[in-house]
Protein chains: 2
Amino acid sequence: MANEQEDRRIIRSKKLIKSAFIELINEKGFESLTVRDITKKADINRGTFYLHYEDKYDLLEQLENEMIDEMNRLVKEINPKEIADFRMQDEPLPFIVKILEYIGSNSLMKFLLGSKGHSSFQMKVKELMKTNVLLKRREEKMAIPIDYLMAYISSAHLGVIQHWLDGGQKEAPKDIAKILLEMSLFGPFSSAGFKER
Amino acid sequence: MANEQEDRRIIRSKKLIKSAFIELINEKGFESLTVRDITKKADINRGTFYLHYEDKYDLLEQLENEMIDEMNRLVKEINPKEIADFRMQDEPLPFIVKILEYIGSNSLMKFLLGSKGHSSFQMKVKELMKTNVLLKRREEKMAIPIDYLMAYISSAHLGVIQHWLDGGQKEAPKDIAKILLEMSLFGPFSSAGFKER
DNA sequence: TAAGATATTGAACAATATGTTGATTAATAA
DNA sequence: TTATTAATCAACATATTGTTCAATATCTTA
C-alpha cells in the first residue's frame, strides 16, 4: 500500500542536501553557489540532487516555505494567556518575541534577511508580520489607508530586525520586542482613523 | 595628453549595454540574464562587454551606484525655500517627493525595489533615506536607541514605496509623501527621547 | 527473512555560458 | 593625416547544467 511517508533514503538525501546548502550559503552566498558545490559537500551524487529538486532555486524556495510554515506554527501555538498578559501591559508582544527567537537561532533566516539576502523571502516575512500585528485604537486626524499602514508597520519591523541582526544580536529578543512595542504605541498603528479601500 | 574624457566609442558601447540590460532585466529578471543576452540585444561583440565590465554583477553595481548618486544630487538641489514651506506646515516633505518622482520614472529602480529585486540595493536606498529624514522633537517616555529608530523609519518608508509600486503607482508622489508625513507626525520619529549609543 | 520495489551511484553526453587571447578592422583624437 | 585605441571575429579551455543508462545498494512489506 502506497504510503505518504517517504523512503528513509530520500529523507537522508534531502537532509544532507539542505545541511550542505545552509553551510555553503553562508560561505559563498547564493549566486556563486552551484549544484556541484552542494552535492560535493553533501557527499552524494549530483544526479541525486536532480531527483529531488529542479535546481538550486527550487531548493531555496522549499526551504523558505518550510521556514515560513514553521513561523506560522510558532505563532499559532502562542498561549492565550501570554496575549492576555501582553494586553494587561508591559509584556512585549509575544508574537514578535517568538519570531525573533526563531530568526536569531536560524542561520539561513539570518542570511536571507540580511543585506545580501533574498528580496522575495523578505516579502514573505513582511506578509507574515502584517497578518499578526496587533492594532490598537486611537482617534485621530487624517485617515491613512489601511494597506499603506500595514506596509509601513511590517517594513518598519523587518527593518528593525535586520538592524538587530546586522549588529550581531546584541540585544535579547525581548528587548527588541519592547522597542517595537514602544514605537508602535506612539506610532501610526496606534491610530483608529483608518480608511478601508 | 591623457584626458579624463572617455572615447566616444566607449560611451556608445556602455550606453548600448546599459539600455539592453535595463530592457532585459524587466523581461527575464537578473539571475537568468546572461552576458550573451545583453550583448546580443545591444548588438555588440561579447568581448566588448568584458572590456568595460567584469561581469553582470559589476554592471549592476555600477548602475546602482549611478542611481544612488543621482538621488543624492536631486536631494541636494532642493530649494531651501521648499524646505521652509514644508516647515511652515502642510507641504509634503520635498525630499520624499523628489525621491518618489525619480523612482516612479525609472524602470530599473522599480525592478530593484520590487519583490524580485536586489536586497543590497534596497539597503543602499534605506541608507540614503536615513540620512535625509527630518526628525521632529517631542518629550516622551522610553528612550529608544537612535539607530533602531532610524532603521525603523527608513524601512517603513521603503516599505510604503514598495507598496506604492506594487499597486501600480495609483497615487501621486505628493500623496504618498503626505501619508508618510502624517505617519511620521504621530510616529516615534516625532519623539525626542533618543538614546545615543 | 526473502523478494520486489525503488533510491543511489558512476559515467557519459550534448548544450550552453564564461572569461580570455590574438590578429584584423574601424573609429577617434590631436 | 597619423598614431592611438576601441571594436570585432574566431577560437580556446574550462565549467555548469540537466539528462540518460546500467549497475548497485537500500528499503519496505508480505
Inset, instruction - Would you check, one step at a time, whether the test salt bridge (Lys or Arg N to Asp or Glu O under 4.0 Å) holds for A:K98 with A:E77? - result: CA-CA 10 Å; A:K98 283 279 192 297; A:E77 72 178 15; over 6 Å; no
Inset, instruction - Evaluate the side-chain contact (heavy atoms from CB on, under 4.5 Å) criterion for residues B:I176 and A:Y148: first the C-alpha distance (whole Å), next the side-chain angles of each, then the deciding distance (0.1 Å), finally the verdict. - result: CA-CA 9 Å; B:I176 302 298; A:Y148 274 98; 3.4 Å; yes
Inset, instruction - Please assess B:K116 against B:E31 for the test salt bridge (Lys or Arg N to Asp or Glu O under 4.0 Å), listing each intermediate value before the final yes or no. - result: CA-CA 10 Å; B:K116 284 164 187 169; B:E31 291 322 323; over 6 Å; no
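The only member of A:Y57, A:F121, A:F111 that meets ring pair (Phe, Tyr, Trp, His ring centres under 6.0 Å) when paired with A:F30 is A:Y57.
In this structure, B:I17 places its CD1 atom 11 Å from C1' of D:dA7, rounding to the nearest Å. Rounded to a whole Å, the CG atom of B:D7 is 5 Å from the P atom of C:dA29. Rounded to an integer number of Å, the gap from CG of B:N45 to C1' of C:dT21 is 13 Å. The CD-C1' distance, from B:E54 to C:dT18, rounds to 14 Å in whole Å. The distance between atom CZ of B:F49 and atom P of C:dT21, rounded to the nearest whole Å, is 17 Å. One atom, CD1 of B:I44, and another, C1' of D:dC9, lie 14 Å apart when rounded to the nearest Å. Distance CZ (B:R8) to P (C:dT28): 5 Å, rounded to an integer number of Å. Atom CG in B:D58 sits roughly 14 Å away from atom C1' in C:dG19 (whole-Å rounding).
Each of A:G47 and B:Y50 lies near DNA chain C, and the nucleotide nearest A:G47 is the one positioned closer to the 5' end.
Judged by distance alone, the side chain of A:Q122 and the main-chain N or O of A:G117 form no donor-acceptor pair under 3.5 Å. Looking at A:E171, its side chain never comes within 3.5 Å of a backbone N or O of A:W164 through a donor-acceptor pair. Distance alone, capped at 3.5 Å, is enough to place a donor-acceptor pair between the B:S19 side chain and the B:K15 backbone. Distance alone, capped at 3.5 Å, is enough to place a donor-acceptor pair between the A:K56 side chain and the A:L33 backbone. Although no hydrogens or angles enter the test, the distance criterion places no donor-acceptor pair under 3.5 Å between the side chain of B:S155 and the main chain of B:Y152. With A:K126 contributing its side chain and A:A156 its backbone, the two residues share no donor-acceptor pair below 3.5 Å.
An angle of 40°, rounded to 10°, separates the two end axes of the helix from C:dT1-D:dA30 to C:dA30-D:dT1, each defined over five pairs.
Not one side-chain nitrogen or oxygen of B:T48 sits closer than 4.0 Å to the OP1 or OP2 atom of D:dA6. In terms of phosphate contacts, B:H52 brings a side-chain nitrogen or oxygen within less than 4.0 Å of OP1 or OP2 of D:dA7. OP1 or OP2 of D:dA7 has at least one side-chain nitrogen or oxygen of B:S13 nearer than 4.0 Å.
Heavy-atom distances under 4.0 Å link DNA chain C to no residue of residues 26-37 of chain A.
A donor-acceptor contact under 3.5 Å is not formed by the side chain of A:R9 with the base of C:dT8.
If you check every strand for non-hydrogen atoms under 4.0 Å, A:L51 touches a base.
The listed nucleotides are C:dA12, C:dA7, C:dT18; the one nearest the side chain of A:R46 is C:dA12.
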